[in-house]
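Counting from 1, the numbers follow the sequence of the chain as shown.
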Amino acid sequence: MRVAYVVSSSNSRKILRDMIIPQMEAGEHVAEVVGMFFVFDNTFMLLDNTDLGQRIQKLIDEKDMVVLACDQCVYEREIEDKIIKGAHIGCFPMLYGLLKDANLDQVITI
């Protein structure tokens with residue numbers, strides 16, 4: 001199964017850091033994650049020079065996964081120049097374009 005995550009809840013950090021990312025790193029997540037879209041304060045998870053940001057960057061590099069940070073969310077938090085190099089900055093129309101050929105089975109909001 002191929003999935004994409006919309007990372008929007010206040011519990012997303014724990015879900016990603018303690019559950020999904022360790023499973024992906026160990027090759028045990030079962031679903032193939034082809035994309036993640038980070039909104040609101042969850043864009044802070046994409047900060048470069050943080051453990052979580054570096055782990056996400058490594059997954060981008062290894063799995064050719066699309067990672068997108070909400071443009072308005074990033075600009076409001078003034079972190080556009082502080083996020084990991086593999087993350088794009090954009091909005092839903094950009095996400096649709098990035099994932100249009102991904103053959104997604106599910107989009108899951110966490």
Side-chain angles (χ1 to χ4, degrees):
M1 176 179 0
R2 295 168 62 85
V3 301
Y5 291 114
V6 176
V7 184
S8 68
S9 79
S10 60
N11 294 316
S12 296
R13 181 176 209 71
K14 180 165 183 57
I15 294 167
L16 282 177
R17 183 193 64 217
D18 298 340
M19 299 173 208
I20 293 173
I21 289 176
Q23 291 171 354
M24 290 176 69
E25 291 169 333
E28 299 171 350
H29 190 56
V30 180
E32 180 183 353
V33 180
V34 297
M36 293 184 185
F37 182 41
F38 291 77
V39 297
F40 308 119
D41 283 343
N42 294 310
T43 56
F44 286 117
M45 285 189 255
L46 299 174
L47 289 175
D48 200 7
N49 298 319
T50 64
D51 179 63
L52 190 53
Q54 292 302 307
R55 290 171 71 194
I56 294 169
Q57 179 64 56
K58 187 173 180 186
L59 289 171
I60 292 169
D61 295 340
E62 291 175 354
K63 303 189 181 295
D64 196 30
M65 179 176 67
V66 170
V67 171
L68 182 65
C70 166
D71 54 357
Q72 288 188 25
C73 303
V74 166
Y75 299 139
E76 285 174 359
R77 288 154 183 80
E78 299 179 349
I79 60 171
E80 62 270 14
D81 59 343
K82 297 175 177 82
I83 63 173
I84 56 178
K85 64 178 167 58
H88 301 275
I89 297 173
C91 55
F92 274 103
M94 183 177 183
L95 181 66
Y96 306 147
L98 290 169
L99 295 176
K100 73 178 179 182
D101 297 323
N103 296 320
L104 279 173
D105 296 304
Q106 298 281 327
V107 176
I108 301 166
T109 301
I110 56 172

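No side-chain donor-acceptor contact under 3.5 Å links N49 and Q54.
Annotation: side chain of L52 is in contact with side chain of R13 (closest heavy-atom distance under 4.5 Å).
Sorted by first and then second residue, the ring pair (Phe, Tyr, Trp, His ring centres under 6.0 Å) pairs involving residues 32-85 (not counting sequence neighbours) are F37-F92.
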Apply side-chain contact (heavy atoms from CB on, under 4.5 Å) to the pair R17 and R55, showing each step before the final yes or no.
CA-CA 9 Å; R17 183 193 64 217; R55 290 171 71 194; 4.1 Å; yes
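Separating the CG atom in D51 from the CG atom in L47 is a distance of 12.5 Å, to the nearest 0.5 Å. Distance check: M65 CE to K58 NZ gives 12.5 Å after rounding to the nearest 0.5 Å. Taken from CD in E76 to CG in D71, the straight-line distance is 9.5 Å, to the nearest 0.5 Å. One distance of note links CD of E25 with CD1 of I20; it measures 12.0 Å at 0.5 Å rounding.
In D18, the CG atom is crowded: over 12 heavy atoms of neighbouring residues, nucleotides or ligands sit closer than 6.0 Å. The environment of K14 atom NZ is sparse: at most 12 non-hydrogen atoms of other residues, nucleotides or ligands sit within 6.0 angstrom. Heavy-atom contacts from other residues, nucleotides or ligands closer than 6.0 Å to CD of Q72 number 12 or fewer.
Both L46 and I79 belong to a common hydrophobic cluster when Ile, Leu, Val, Met, Phe, Trp and Tyr are linked at side-chain heavy-atom distances under 4.5 angstrom. M24 and I84 fall within a single hydrophobic cluster, where Ile, Leu, Val, Met, Phe, Trp and Tyr are joined by side-chain heavy atoms under 4.5 Å apart, directly or via other members. In terms of hydrophobic clustering, with Ile, Leu, Val, Met, Phe, Trp and Tyr side chains grouped at heavy-atom distances under 4.5 Å, L59 and L104 are assigned to different clusters. When the side chains of ILVMFWY residues are joined at heavy-atom separations under 4.5 Å, either directly or via intervening members, V6 and M1 end up in two distinct hydrophobic clusters. Linking ILVMFWY side-chain heavy atoms closer than 4.5 Å, directly or via other members, places V67 and I15 in a single hydrophobic cluster.
Closest approach of D41 and R77 over heavy atoms only: OD1-NE, 2.7 Å. Closest approach of S8 and V39 over heavy atoms only: CB-CG2, 3.4 Å. Considering all non-hydrogen atoms of both residues, E78 and D81 come closest at O-OD1, 4.3 Å. Contact between K85 and Q57 at its shortest, heavy atoms only, is N-OE1, 3.3 Å. Scanning all heavy atoms of the two residues, the minimum distance from C70 to T43 falls at N-CG2, 4.2 Å. Nearest heavy-atom pair across S12 and V7 is CB-CG1, 3.4 Å.
Judged by distance alone, with hydrogens and angles left aside, the side-chain atoms of N42 form a donor-acceptor pair with the main-chain N or O of S9 at under 3.5 Å. In terms of modelled atom types and a separation under 3.5 Å, the side chain of R2 and the main chain of A102 share a donor-acceptor contact.
Checking I110, L68, L16, V66 one by one against M36, the side-chain contact (heavy atoms from CB on, under 4.5 Å) holds for a single residue, L16.
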